[in-house]
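Below is one structure, written out as structure tokens, with a few remarks after it.
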Protein chains: 2
Amino acid sequence: MKKKVRTKRDEILYAAWGLFESQGYHATGINQIISESGVPKGSFYHYFPEGKEGLALEAIDAIGEGMIEGVRAACATRDDVVEGIVSLLQIIATKLDETEYRHGGPLTIVSLETATTNERINAACRSAYHGVQAELVKKLIQGGFTESDARDLSTTIVASLEGGILLSRAFHSTEPMEQTARQLHNLLSERRRTATIANN
Amino acid sequence: MKKKVRTKRDEILYAAWGLFESQGYHATGINQIISESGVPKGSFYHYFPEGKEGLALEAIDAIGEGMIEGVRAACATRDDVVEGIVSLLQIIATKLDETEYRHGGPLTIVSLETATTNERINAACRSAYHGVQAELVKKLIQGGFTESDARDLSTTIVASLEGGILLSRAFHSTEPMEQTARQLHNLLSERRRTATIANN
DNA sequence: GTCTATAATACGATAGAC
DNA sequence: GTCTATCGTATTATAGAC
């Protein structure tokens, strides 16, 4: 548990994480980050000589680790992968609701904003999503899915998750996320059932 | 067909549409919009006295209409609703690829950016998504789905669509969108099959 | 209605004292 | 390492000539 923020550097990274998550990259200014973290501007550029972009790259790496940890934690609460993954969507829905739809989807906005406008940040986002999908593929195969299905489904899971976050944030309601979770449950159950039958 | 841009006002709206779609709200400046549309700044504030926000509200309304039209057009190309909806994802994938992942998901970024930071724009986005989902519900019920399933599935379709767009833009590849489309096809087919059996 | 010049403000980034 | 004052350059928006 290194959740406890210790150094000033971590304080900046943690503040940036939250602000990028709720507002996105372009709407978040250095001034806001330093006022939120209580660090003077001079110190900020001492710790992050590459400025806002360098900070974002590090923040996204940390976010990526956090997302993988989120997948692992959700799956650890259930015996079955399918139940674990669906519970992940429910955990995110709860977080969205508790934060008034500001948090729960830390990369969603930033990855879209920078997909075609900032190659370095795009690469960092890509790497983060790649890590999450790799973890999902591993869990799905362990849970009895075929490798081919696992690849398609890991993408579908992340897409459902991100799309559900988008709609829940837009409507300020957990309902879209819950509807998506229900149908993802239907899909995963059915896919595994079909694959199991085919193998017998 | 009022696709042909006539007035200077439409020229501004059309330029804003494209820039909001590819870059988002915060990264798009008035200066860029007027230089893209070739309209002087004074004229811009003459046509849009409420400035950037007023322009965005109108652009989003137009985008919403365009999205509904997109659903109708895609469904019109196929006899079956399920095939029509899946073809919509494929159409978007093609558009993403053809525009180097800049276009194809005109509200995705803006709706996320403004979900908790701008109430007026959020309301406009919500209304646009609501219209799309209403159209989808109508088509699904016509296509043999139960009303209860149609509501859940309309959300799931939009979530898959937006999530697929996010991943395809992040990875600069149509593959995520295609994987999502395949699994959406599986889900919709299976859901209708189950409902049909239950009704007999 | 059309346009240019400019205001007021915020941005990211830096210089340089301590 | 720490901090403040400041630089240039964006931004949105306006004033006022034509």
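The sequence lines fix the lettering, A, B, ..., with proteins before strands; numbering per chain opens at 1.
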Compile the donor-acceptor pairs under 3.5 Å between side chains in residues 85-98 of chain B and protein atoms, sequence neighbours left out, one pair per line.
from, atom 1, to, atom 2, distance (Å)
B:S87, OG, B:G84, O, 2.7
B:T94, OG1, B:Q90, O, 2.9
B:D97, OD1, B:Y101, OH, 3.2

Does the side-chain contact (heavy atoms from CB on, under 4.5 Å) test come out yes or no for A:T116 and B:E100, once each step is laid out? CA-CA 8 Å; A:T116 57; B:E100 286 170 310; over 6 Å; no
Looking at every non-hydrogen atom in both residues, tell me the closest pair between A:G164 and B:A159 and how far apart they are.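 Smallest heavy-atom distance, with atoms named: N-CB, 3.7 Å.
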Measure from [atom1] on [X] to [atom2] on [N] and round the result to the nearest Å.
X     : N      : atom1 : atom2 : answer
B:E50 : D:dT12 : CD    : P     : 16 Å
B:Y45 : D:dA15 : OH    : P     : 12 Å
B:F44 : D:dT11 : CZ    : P     : 13 Å

Grab the N/O contacts between the protein and nucleotides 1-5 of chain D below 3.5 Å, and write none if there aren't any.
from, atom 1, to, atom 2, distance (Å)
D:dT2, OP2, A:Y47, OH, 2.8
D:dC3, OP2, A:K8, NZ, 3.3
D:dT4, O4, A:G42, N, 3.4

Is [X] reaching over with its side chain to a backbone N or O of [Y], donor-acceptor style, under 3.5 angstrom?
X      : Y      : answer
B:T7   : B:D10  : yes
B:R192 : B:V82  : no
A:S168 : A:M177 : yes
B:Q183 : A:L153 : no

Kindly state which residues belonging to residues 20-35 of chain A come within less than 4.0 angstrom of DNA chain C, counting heavy atoms of the residue only, listed by number.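 Per residue number, the list reads A:T28, A:G29, A:I30, A:N31.
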Which of residues 106-118 of chain B have a heavy atom under 4.0 Å from DNA chain C?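 The stretch gives none, as no residue of it lies under 4.0 Å from the strand.
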Around atom CD of B:E135, are there more than 12 heavy atoms of other residues, nucleotides or ligands at under 6.0 Å?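 Atom CD in B:E135 is crowded, with more than 12 foreign heavy atoms closer than 6.0 Å.
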What pairs meet the side-chain hydrogen bond (donor to acceptor under 3.5 Å, both in side chains) rule with one or both residues in residues 154-164 of chain A, with sequence neighbours excluded?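 Of all non-adjacent pairs touching residues 154-164 of chain A, those that pass side-chain hydrogen bond (donor to acceptor under 3.5 Å, both in side chains) are A:T108-A:E162, A:Y129-A:E162, A:Q133-A:T155, A:T155-B:Q179.
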Sequence neighbours excluded - salt bridge (Lys or Arg N to Asp or Glu O under 4.0 Å) pairs with any residue from residues 47-63 of chain A: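 For residues 47-63 of chain A: A:R9-A:E58, A:E50-A:R120, A:E53-A:R120.
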